[in-house]
Amino acid sequence: MNKRKSNVYKITGVALLALVITSCSSDDDGDDLGNWVDKSVFDGSPRSSVSGFTIDNVGYMGVGYDGDDYLASFWAYDMEGDYWSQKADFPGVARNAAVGFEIDGTGYIGSGYDGVDELTDFYSYNTASNTWTEIASLPTARRSAVGFGVNGFGYVGTGYDGENDRKDFWKYNPVNDAWTELVGFGGNKRRSATTFTIDGLVYLGTGISNGVYLDDFWVFDPTTESWTKKLDLDEEDDYSIQRSNAVGFTLDGYGYIATGEIGGATNTVWEYDPASDEWERKTSFEGATRQDAIAFSNGNRVFIGMGRTGTLYLDDLDEFFPQDEYEEED
Amino acid sequence: MSSTVKYWVFLVLFLTLGFIYSVCNQSTIDKNQLLHCQVVHLNDGFGYQIMRGKKIVILQEYIPGFPGKQNFVSEEQALKTANLVISKLENGESPILLPSDLEKLHISSKVSH
């Protein structure tokens with residue numbers, strides 16, 4: 001009787017030990033650096049293909065698509081206070097796949113797709129007065145373009161015009177409210193590409209055209225308005241950076257390409273070192289795999305959220321700490 | 001006999017305590033997740049904040065969707081707008097307020113007064 005009891009204890013003990021060991025060793029996500037922390041959940045407001053910009057410590061995002069409707073509402077996320085505010089509605093037709101960028105403290109959103117047509121109209125947003133103003137339209141309609149503000153100008157290029165993918169770039173001058181064509185981008189036509197800006201230089205890569213995920217990577221110097229080719233995104237065998245519908249952002253002198261779509265939504269994250277022209281894989285985004293997300297980055301902090309995976313639209317936001325060890329519990 | 005009774009009394013007591021503990025614990029968790037709102041008094045009118053427990057989820061100093069910085073003209077207007085946002089969130093809907101939502105609540109800005 002006693003022997004049987006002690007056997008039961010032994011078996012229970014071994015089973016418990018096994019349980020502890022397996023639960024500890026489940027933390028095996030490679031040894032990639034980078035930690036993700038859950039932030040304010042934008043409850044019940046899933047939307048993807050939103051557009052936005054970051055000014056100081058506030059991330060602005062609006063328009064987009066929730067799976068049923070194209071949206072016109074516009075929101076601000078306060079990085080310090082970790083809360084949202086609904087701002088003045090976007091004045092143009094509700095849309096998704098627009099571009100958003102910032103020039104000298106003013107936000108811009110334009111182009112995109114309203115469910116029927118690719119669009120040209122563009123608007124500026126004044127954060128101090130919470131008002132929108134229509135500006136000159138982009139000369140050619142498109143969606144899924146890239147847009148960035150640098151050196152006092154806005155730039156919009158690539159994308160899809162309803163019939164073809166594009167490779168042309170346009171420069172917006174807010175002083176005379178005019179667009180001029182910018183020649184010299186040597187890359188292929190594409191849609192749903194990504195950019196990030198490090199020390200005044202704009203890096204462009206990824207995207208898709210005719211079902212091919214592009215592997216070329218470029219840097220744009222706005223002072224000379226010239227494009228220079230960098231090492232391809234498949235230069236090393238262990239790179240898997242190519243994708244479309246990703247987000248790009250900058251943090252502490254490094255560039256990042258995160259989430260996106262490559263035959264399905266992905267949550268992988270790659271870090272670009274401009275000094276060595278090399279990429280390193282980071283801890284994957286902690287939330288669900290997603291495409292058409294948004295990143296808010298003020299250079300010191302970065303938040304990624306929204307987007308979709310398949311037909312499931314997502315509503316969460318995570319802060320990314322690329323140099324920290326991964327922790328599951330935060 | 002009496003020892004069996006004692007045993008059962010003890011067991012029932014223990015289970016009851018455990019049950020009460022878990023119920024109380026549950027309700028405090030729920031309280032922390034409960035959505036509620038507060039009206040914010042501003043210089044030129046009113047705003048609101050939507051809270052989950054002690055945490056601010058949405059801070060709305062100006063009428064959502066309206067251009068410019070237009071406060072709510074009364075505490076009551078801020079409150080009924082905030083309650084609509086909460087009911088949307090509780091129904092798993094988006095907290096977006098459309099112009100039609102504000103019309104239904106008869107929300108007006110100072111400008112139109």
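These numbers come from a predicted model, not from an experiment. Naming convention: chains lettered A, B, ... in sequence-line order (proteins, then strands); numbering from 1 in each chain.
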Checklist entry - Rounded to the nearest 0.5 Å, how far does CD1 of B:I50 lie from OH of A:Y83? => result 14.0 Å

Next on the checklist: A quick test of your reading: do over 12 heavy atoms of other residues, nucleotides or ligands sit less than 6.0 Å from CG of A:N176?
Outcome noted: yes

Item to check | Heavy-atom donor-acceptor pair, B:Q60 side chain to A:Q86 backbone, under 3.5 Å | outcome: yes

Checklist outcome for this item: Taking every heavy atom of A:S85 against every heavy atom of B:L59, the minimum-distance pair comes out as OG-O, 2.5 Å

Checklist entry - Quick one: what part of B:L97 sits under 4.5 Å from any heavy atom of chain A, side chain, backbone, both or neither? => result both

Item to check | Point-to-point distance, once rounded to the nearest 0.5 Å, from CG of B:L98 to CG of A:L71 | outcome: 9.0 Å

Item to check | Inter-residue atom distance A:D68.CG - B:S94.OG, 0.5 Å rounding | outcome: 11.5 Å

Next on the checklist: Less than 4.5 Å to any heavy atom of chain B: does that hold for the side chain of A:A128, its backbone, both, or neither?
Outcome noted: backbone

Checklist entry - Which region of A:S129, side chain (C-beta onward) or backbone (N, CA, C, O), has a non-hydrogen atom less than 4.5 Å from a non-hydrogen atom of chain B, or is it both or neither? => result backbone

Item to check | Distance (rounded to the nearest 0.5 Å) between B:I96 CD1 and A:D89 CG | outcome: 9.0 Å

Checklist entry - Shortest non-hydrogen contact from A:A88 to B:P67? => result CB-CA, 3.6 Å

